[in-house]
Amino acid sequence: MRRALGVAAALVLLGGVGYALIQHKNTTDNVKTVTVTGLIGSEKRAFFENDEVKAELAKQGLVVRADSTGSWTMSDQAAKTPGLDFAFPASAAPAREIQRIWKLQDSPLVPFYSPLVIVAHEPVAKVLQENKLAELDGGTGVWTFRMDEYVNALKGGRRWEDLSGAGKHPELSGQLFVTTTDPDSSSSGAMYLALLSYIANNHQVVSDDAGVAAVKDVLHTANALQGIQKSSSDEPFRDFGAGIGNPLIFAYESQAAALALQNKPTGDMVVLYPDTTVYSDHTLVAHTDNGRRLADVLQNDEVLRNLEARFGLRPQAKPEAFANLMREKKPTFAPDLTAARIKQATLPSLDNLLKLTAAAKGTK
């Protein structure tokens with residue numbers, strides 16, 4: 001597994017996929033400008049490329065240049081690339097590994113986060129509801145997905161044809177499963193396995209080899225059903241929008257929210273919140289003082305917090321900014337995750353997550 005991650009990192013380095021995110025000279029005031037160089041997860045590319053984000057960072061004296069890479073290959077790049085000021089993966093586990101590599105002791109900041117959700121078309125959500133795999137809160141319009149029932153369905157080989165009401169939808173056929181990205185390279189795919197392992201392990205984090213062994217069969221089933229997986233969370237989400245592929249997609253809430261906020265068509269999309277889910281804690285590991293400056297403004301600058309919310313992200317210091325923007329949007333989003341009774345799973349260590357990924361892929 002570690003060799004696979006290393007190969008993936010090498011391909012990123014050699015493949016020329018890096019790009020300059022912000023090349024904006026600060027000419028409007030006398031703030032001293034510094035260039036901050038780092039690595040980001042690809043899901044944050046659009047945010048950093050936005051002209052308003054560039055302008056506000058420039059006002060703070062920051063020009064950011066970053067290469068985009070998968071969160072799970074980022075630690076290899078962090079180890080091999082000199083002169084980095086920061087690394088900004090999509091979750092805490094790779095951030096902890098980067099901290100270890102850079103020999104850092106301080107706690108990294110999490111400027112914003114996004115829960116992982118399942119997107120489906122409304123007729124599919126209603127079939128799930130009829131079969132007690134999903135619930136709709138009639139008062140708020142928030143959908144939830146019942147994770148324990150889903151894990152039982154995976155273990156029992158439950159098929160769409162077994163579900164009441166599915167016969168009206170000929171596209172619903174074969175075994176029921178959720179499509180994810182490749183956990184070897186993508187944070188959302190890895191976090192899906194972390195979530196499944198937590199549910200299958202009696203709602204306890206997998207912390208040793210015995211725990212990995214206890215959940216390996218259901219993880220392997222969930223992974224094997226998918227066939228070839230995409231490396232980026234954008235790809236299955238785009239396929240869903242085009243009506244292609246599996247009817248259930250594991251995605252970042254921010255992906256669906258960004259569509260609504262940009263007034264792009266969402267059709268009959270439904271956002272189902274797993275009743276126990278994982279949060280994508282976008283964690284900025286600062287290697288230098290300049291990296292710490294970037295982390296500070298992303299978390300504390302009012303303009304940037306509002307821009308983060310406009311990209312469907314929940315600012316850590318001002319989560320209500322997201323709720324206020326999404327109040328009248330469709331599909332329906334949960335303004336307050338705690339009020340919606342959505343629990344958060346504990347993520348395993350990176351070492352155990354690598355073992356869970358190997359078990360899911362049948363390589364261990």
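Counting from 1, the numbers follow the sequence of the chain as shown.
The other residues sharing a hydrophobic cluster with Val271 are Tyr113, Val117, Val119, Val142, Phe237, Phe240, Ile249, Leu259, Leu261, Met269, Tyr273, Tyr279, Phe322, Leu325, Met326, Phe333, Leu337, Ile342, where clustering joins ILVMFWY side chains under 4.5 Å apart. Under a 4.5 Å side-chain heavy-atom cut-off, the cluster of Ile, Leu, Val, Met, Phe, Trp and Tyr residues that includes Ile101 is completed by Leu39, Met74, Leu84, Ile98, Trp102, Leu104, Val285.
No side-chain donor-acceptor contact under 3.5 Å links Ser280 and Ser91. Side chains of Asp85 and His287: no donor on one and acceptor on the other come within 3.5 Å.
Of the possible polar contacts, one joining the Ser197 side chain to the Ala194 backbone as a donor-acceptor pair under 3.5 Å is found. With hydrogens and angles ignored, the 3.5 Å screen pairs a side-chain donor or acceptor of Asn131 with a backbone N or O of Val127. Thr277 places a side-chain N or O within 3.5 Å of a backbone atom of Leu116 that can act as its donor or acceptor partner. Put simply, the side chain of Ser233 never gets that close to the backbone of Ala251: no donor and acceptor are under 3.5 Å apart.
By the side chain to side chain donor-acceptor pair (under 3.5 Å) test, Glu235 pairs with no residue at all, sequence neighbours left out. With sequence neighbours excluded, the residues that form a salt bridge (charged side-chain N to carboxylate O under 4.0 Å, His left out) with Arg100 are Glu97. Evaluation of the salt bridge (charged side-chain N to carboxylate O under 4.0 Å, His left out) rule for Asp217 yields no partner, not counting sequence neighbours. For Gln344, there are no side chain to side chain donor-acceptor pair (under 3.5 Å) partners at least two apart in sequence or on another chain. Applying the salt bridge (charged side-chain N to carboxylate O under 4.0 Å, His left out) rule to Arg146 yields the partners Glu135; only residues at least two apart in sequence or on another chain are considered. Partners of Asp281 under the salt bridge (charged side-chain N to carboxylate O under 4.0 Å, His left out) rule, at least two apart in sequence or in another chain, do not exist in this structure.
When side chains are defined from C-beta on, Val297 does not count as touching Glu56, because their heavy atoms never get closer than 4.5 Å.
Legend: ring-ring contact (aromatic ring centres under 6.0 Å, His included) pairs involving residues 210-233, not counting sequence neighbours: none detected. Residue pairs meeting the ring-ring contact (aromatic ring centres under 6.0 Å, His included) criterion with at least one partner in residues 292-313, sequence neighbours excluded, are Phe47-Phe311. Pairs of residues two or more places apart, or lying in two chains, that qualify as salt bridge (charged side-chain N to carboxylate O under 4.0 Å, His left out) and include a residue from residues 240-256 are Glu253-Arg314.
To the nearest 0.5 Å, atoms CG (Asn223) and OG1 (Thr357) are separated by 8.5 Å. Atoms OG1 and CG, on Thr73 and Asp184 in that order, are 10.5 Å from each other to the nearest 0.5 Å. Separation of atoms CG (Leu154) and CD (Glu149) is listed at 11.5 Å; rounding is to 0.5 Å. In this structure, CG on Leu304 lies 5.0 Å from CG on Leu57, to the nearest 0.5 angstrom. To the nearest 0.5 angstrom, His282 atom NE2 is 5.5 Å from Ser114 atom OG. Of the inter-residue distances, the one linking Gln299 atom CD with Leu294 atom CG reads 11.5 Å to the nearest 0.5 angstrom.
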**Request:** Report the C-alpha separation of Thr332 and Thr140 in whole Å, then their side-chain angles, then the decisive distance to 0.1 Å, and conclude whether the side chain to side chain contact (heavy atoms under 4.5 Å, CB included) test is met.
**Result:** CA-CA 8 Å; Thr332 300; Thr140 65; 5.9 Å; no
**Message:** side chain to side chain contact (heavy atoms under 4.5 Å, CB included), that's the test. Do Glu320 and Lys318 meet it? Break it down for me.
**Reply:** CA-CA 5 Å; Glu320 66 272 18; Lys318 192 182 179 183; 3.3 Å; yes
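The two atoms that bring Pro348 and Asn352 nearest to each other are CB-CB, 4.1 Å, heavy atoms only.
A salt bridge between Arg45 and Asp234 is absent, with no side-chain N of the basic residue lying under 4.0 Å from a carboxylate O of the acidic one. Note on Lys355 versus Asp351: salt bridge recorded, some NZ/NE/NH1/NH2 to OD/OE distance being below 4.0 Å.
Of the options Leu298, Val36, Asn290, Thr33, a side chain to side chain contact (heavy atoms under 4.5 Å, CB included) to Leu62 is made by Val36 and by none of the others.
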Quiz: residues 162-181 side-chain donor-acceptor pairs under 3.5 angstrom, not counting sequence neighbours:
from: Asp162; atom 1: OD2; to: Arg159; atom 2: N; distance (Å): 2.9
from: Ser164; atom 1: OG; to: Glu130; atom 2: OE2; distance (Å): 2.6
from: Thr179; atom 1: OG1; to: Asn246; atom 2: ND2; distance (Å): 3.2
from: Thr180; atom 1: OG1; to: Gln226; atom 2: OE1; distance (Å): 3.3
from: Thr180; atom 1: OG1; to: Gln226; atom 2: NE2; distance (Å): 3.4
from: Thr180; atom 1: OG1; to: Gln229; atom 2: NE2; distance (Å): 3.4
from: Thr181; atom 1: OG1; to: Ser186; atom 2: OG; distance (Å): 2.6
from: Thr181; atom 1: OG1; to: Ser188; atom 2: OG; distance (Å): 2.9
from: Thr181; atom 1: OG1; to: Gly189; atom 2: N; distance (Å): 3.0

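More than 12 heavy atoms of other shown residues, nucleotides or ligands fall within 6.0 angstrom of atom NZ in Lys329.
Aromatic pair Tyr198/Tyr192: ring centres not closer than 6.0 Å.
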